[in-house]
Amino acid sequence: MEVSEDDDIDIHDISPTAWRLLRVAAGFGQREIEVEIDDIMQAHISMLENNNRSLSEQRLEVLFELYRSELTNEQVRVLVSNF
């Protein structure tokens, strides 16, 4: 499903800047994502954050859940809604 349970955030509406801020706030470097999530490479993260290409819906959901697991709902909401 596209919308998170708690925040009604549509992952397809998250800006490239917000994706980068979510990653940094969650404490991950681009290369660390490769270790955490199978089938996602640093290049995928770079393209997503630079608005050059998006990831599949499944990969976006997994990535968003990884970031959400390290942040509070309020942090996620503020980053997504303001950036």
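Not one N or O on the side chain of Asn50 forms a donor-acceptor pair closer than 3.5 Å with the backbone of Asn52.
Rounding to the nearest 0.5 Å gives a distance of 9.5 Å between CZ of Arg59 and CD1 of Ile45. Distance check: Ser46 OG to Arg53 CZ gives 12.0 Å after rounding to the nearest 0.5 Å. How far CD of Glu61 is from NE2 of His12: 7.0 Å, rounded to the nearest 0.5 Å. Atom CG of Leu63 and atom CG of Leu55 lie 6.5 Å apart (nearest 0.5 Å). Leu60 contributes atom CG, which lies 10.0 Å from atom CG of Asp10 (distance to the nearest 0.5 angstrom).
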List, one per line, each side-chain donor-acceptor pair under 3.5 Å for residues 18-27, sequence neighbours excluded.
unit_1	atom_1	unit_2	atom_2	d
Trp19	NE1	Ile14	O	3.4
Arg20	NH1	Glu49	O	3.2
Arg23	NE	Glu49	OE2	2.6
Arg23	NH1	Phe28	O	3.0
Arg23	NH2	Glu49	OE1	3.0

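The hydrophobic clustering, which links ILVMFWY residues whose side-chain heavy atoms are closer than 4.5 Å, places Val78 and Phe64 apart. Both Phe83 and Ile11 are assigned to one and the same hydrophobic cluster, defined by single-linkage of ILVMFWY side chains at heavy-atom distances under 4.5 Å. Residues Ile33 and Met47 do not share a hydrophobic cluster, clusters being chains of Ile/Leu/Val/Met/Phe/Trp/Tyr side chains in contact below 4.5 Å.
For the side chain to side chain donor-acceptor pair (under 3.5 Å) test, no residue two or more places apart in sequence or in another chain qualifies with Ser54.
Screening residues 32-42 for side chain to side chain donor-acceptor pair (under 3.5 Å) gives Gln30-Gln42 as the qualifying pairs, with residues at least two apart or on separate chains.
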